[in-house]
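In what follows, a single structure is set out as structure tokens and then discussed.
In what follows, every heavy atom counts, from backbone to side chain, and hydrogens, waters and symmetry copies are set aside.
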Amino acid sequence: DDVASYLDPFAIGDQDEHAASAAIAPSDISQLRAILAIANKYRVPLWPVSMGKNFAYGTAAPRLRGAVVLDLKRMNRVIEVNEKLGYAVVEPGVSFFDFKAELDKRGGALWMSGPAHSWGSVIGNALEHGVGYTPYGRHAGMICGMEVMLADGSLVRTGLGSSEGTQEWQCYKWPFGPSWDGVFTQSNFGIVTKMGIWLMPQPAGMAGVSISVPGRDDLAALVETLRPLRLDDTINAPYTIANGWRQISSGRLRSDAYDGPGAIPAARVGDLLARDGDGWWSVIFNLFDRPAALDIRLDAIRSAFATSLPGAKIDVRRWARGEPLQAWMRQDLSLGPLGTVNWHGGPGGHTDFGPIIAPVGERVSQVYGLIEKRFIEHGVDPWVGMFGMGGRAIVMVADLFYNRDDAEMTTRCRTLFRILCKDMADIGIGLYRSHISFMDDAAAMQGWNDGAFGGPNRRFKALVDPNGIIAPGKQGIWPEKKE
């Protein structure tokens, strides 16, 4: 492949900052082992990617300029789908499109959880802590068993995969000894060559819930209403919250909404929301259960909002097994969300600032308030969504949209990101992932006890990859310097 195809198409600045020197695509384990042997001999840094579709976070481009991209897209087998136990085993090059086609071919008894855009790798998305919209939407949490090649070419299997002849590898995550699956997510300690992933049985019914909350000052009350419903599993899948700026981008370019200087004023956002019949906050989630049980869940949700936010408007759609699938169910794959990238008219780019926050109204309002303030100060539209990943955490996704050819705009966005890192570190907030340009900044936010967390990462890196060939700098983990 042309090495230029591995440049970040959404680069926040100069694409050459993270340019690869070459790319190589093994098709099997033996080729991968041979590549590692050569890389070790000549100390060539490699940047493994499953398919290289990690949009907004660097795509396939390496953290270290000049590294060789190790593209695993040709290792693309669906090795097993076990319908009795609800799991699959896949290789890195299996895309969500490939995976969906395989499950459909088998009759759709098992459903996958897909991300907002579906171009990428099932393994890659899970390793980077990606999210979806079903009860299995915490994708890293659905990993059960990995096969990993270490830098020296040795192959290990985690969990029950370490037992010869096992039939339980993908059945249980916590057998005898340490649990290693998490060590190989968002890290550079090895190359995942196979992964077990748990899949949801097709539900008996679904309800799609949309809630519109009118007041800009209603965020704390909204979070306080959602938390107990998610914590007791009344809402049994991730919810999303969108602010006004995010909502008005649907079906519009920025020039359709505002042509003045700076960020779009809140008053203008309010006018557009009113014209569209929308409140300042939009909440969307799906419920999964038998039809009668869905009635109980919906009654509880309506009652909670009637008490705490009586001005909220709730709309519900229903589906039962045997009926045709509908778009709101998020089982049809799509690249639609990528269309928003050209918010400024193109050529567009974006990256995300993603703090993790306890779902307590006061705390979420504190973090959101800082982010909105900083965005407006830097003339960037505060386009913010939030994912309620469980009863105990919200992942806030604040998108920075920019015109890639506008050097002044991309510089402002880079400055904004780094200021936000400092703001969040000052109040004890960390990120869930970051663009390759900001991995060191995100790692620096882990400052407790003089940054002690980085020590074990560096020591383990030196142990399993002494020549530092695998993904140097990923998540701020750099190899030791050699004399």
Check: Going through the checks in order, is the salt bridge (Lys or Arg N to Asp or Glu O under 4.0 Å) test met by Arg252 and Asp276?
Finding: CA-CA 12 Å; Arg252 290 188 179 96; Asp276 296 339; 3.1 Å; yes
Note to self: Measuring only between side-chain heavy atoms, which start at C-beta, is Met200 closer than 4.5 Å to Leu110?
What the structure shows: no
Margin query: Would you compute the distance between atom CD of Gln202 and atom CZ of Phe288 and round it to the nearest 0.5 angstrom?
Written below: 11.5 Å
Item checked: Intermediate values then yes/no, salt bridge (Lys or Arg N to Asp or Glu O under 4.0 Å), Lys422 and Asp426 -> CA-CA 6 Å; Lys422 184 178 185 305; Asp426 287 345; 3.2 Å; yes
Checklist line | Close side-chain approach of Val94 to Ile123, heavy-atom, < 4.5 Å | finding: no
Margin query: Just so I know, are the side chains of Pro62 and Tyr6 near enough to count as touching, which here means a heavy-atom distance under 4.5 Å?
Written below: no
Notebook entry, point to check: Honestly, is Arg268 close enough over Tyr258, meaning NZ or CZ under 6.0 Å from the six-membered ring centre and within 45° of the axis?
Noted result: no
Next item on the list: Scan for ring-ring contact (aromatic ring centres under 6.0 Å, His included) pairs involving residues 228-250, sequence neighbours excluded, and state none if there are none.
Entry: Trp245-Trp280
Checklist line | Arg246 vs Asp381, salt bridge (Lys or Arg N to Asp or Glu O under 4.0 Å): CA-CA, chis, key distance, verdict | finding: CA-CA 9 Å; Arg246 178 167 173 161; Asp381 301 323; over 6 Å; no
Notebook entry, point to check: Can we call the ring centroids of Phe10 and Phe55 under 6.0 Å apart?
Noted result: yes
Margin query: Is it the case that atom CG in Asp104 sees more than 12 heavy atoms from other parts of the structure closer than 6.0 Å?
Written below: yes
Check: Hey, are Asn188 and Arg63 close enough side-chain-wise for a donor-acceptor pair under 3.5 Å?
Finding: no
Check: Are Tyr432 and His129 close enough that their ring centers fall under 6.0 Å?
Finding: no
Item checked: Contact check, side chains of Lys313 and Ile211, non-hydrogen atoms, under 4.5 Å -> no
Notebook entry, point to check: Does Lys194 count as lying over the ring of Trp169, i.e. NZ or CZ under 6.0 Å from the six-ring centre, within 45 degrees of the axis?
Noted result: no
Next item on the list: Any ring-ring contact (aromatic ring centres under 6.0 Å, His included) involving residues 298-325? Give me the pairs, sequence neighbours left out, ordered by first then second residue.
Entry: Trp111-Trp319
Checklist line | Output field: ring centroids Phe401/His350 closer than 6.0 Å | finding: yes
Next item on the list: Report yes if the side chains of His139 and Val131 come closer than 4.5 Å at any heavy-atom pair, otherwise no.
Entry: no
Check: Does the salt bridge (Lys or Arg N to Asp or Glu O under 4.0 Å) test come out yes or no for Glu91 and Arg74, once each step is laid out?
Finding: CA-CA 9 Å; Glu91 290 185 325; Arg74 295 173 64 204; over 6 Å; no
Margin query: With no hydrogens and no angle check, just 3.5 Å: does a side-chain donor-acceptor pair link Ser212 and Trp281?
Written below: no
Next item on the list: Please work out whether the ring planes of Phe387 and Tyr133 are parallel, tilted or perpendicular, with thresholds of 30° and 60°.
Entry: tilted
Next item on the list: Could you check if a side-chain atom of Ile301 sits within less than 4.5 angstrom of a side-chain atom of Leu287, using non-hydrogen atoms only?
Entry: yes
Notebook entry, point to check: Hey, are the side chains of Lys173 and Leu160 touching, using non-hydrogen atoms and a 4.5 Å cut-off?
Noted result: no
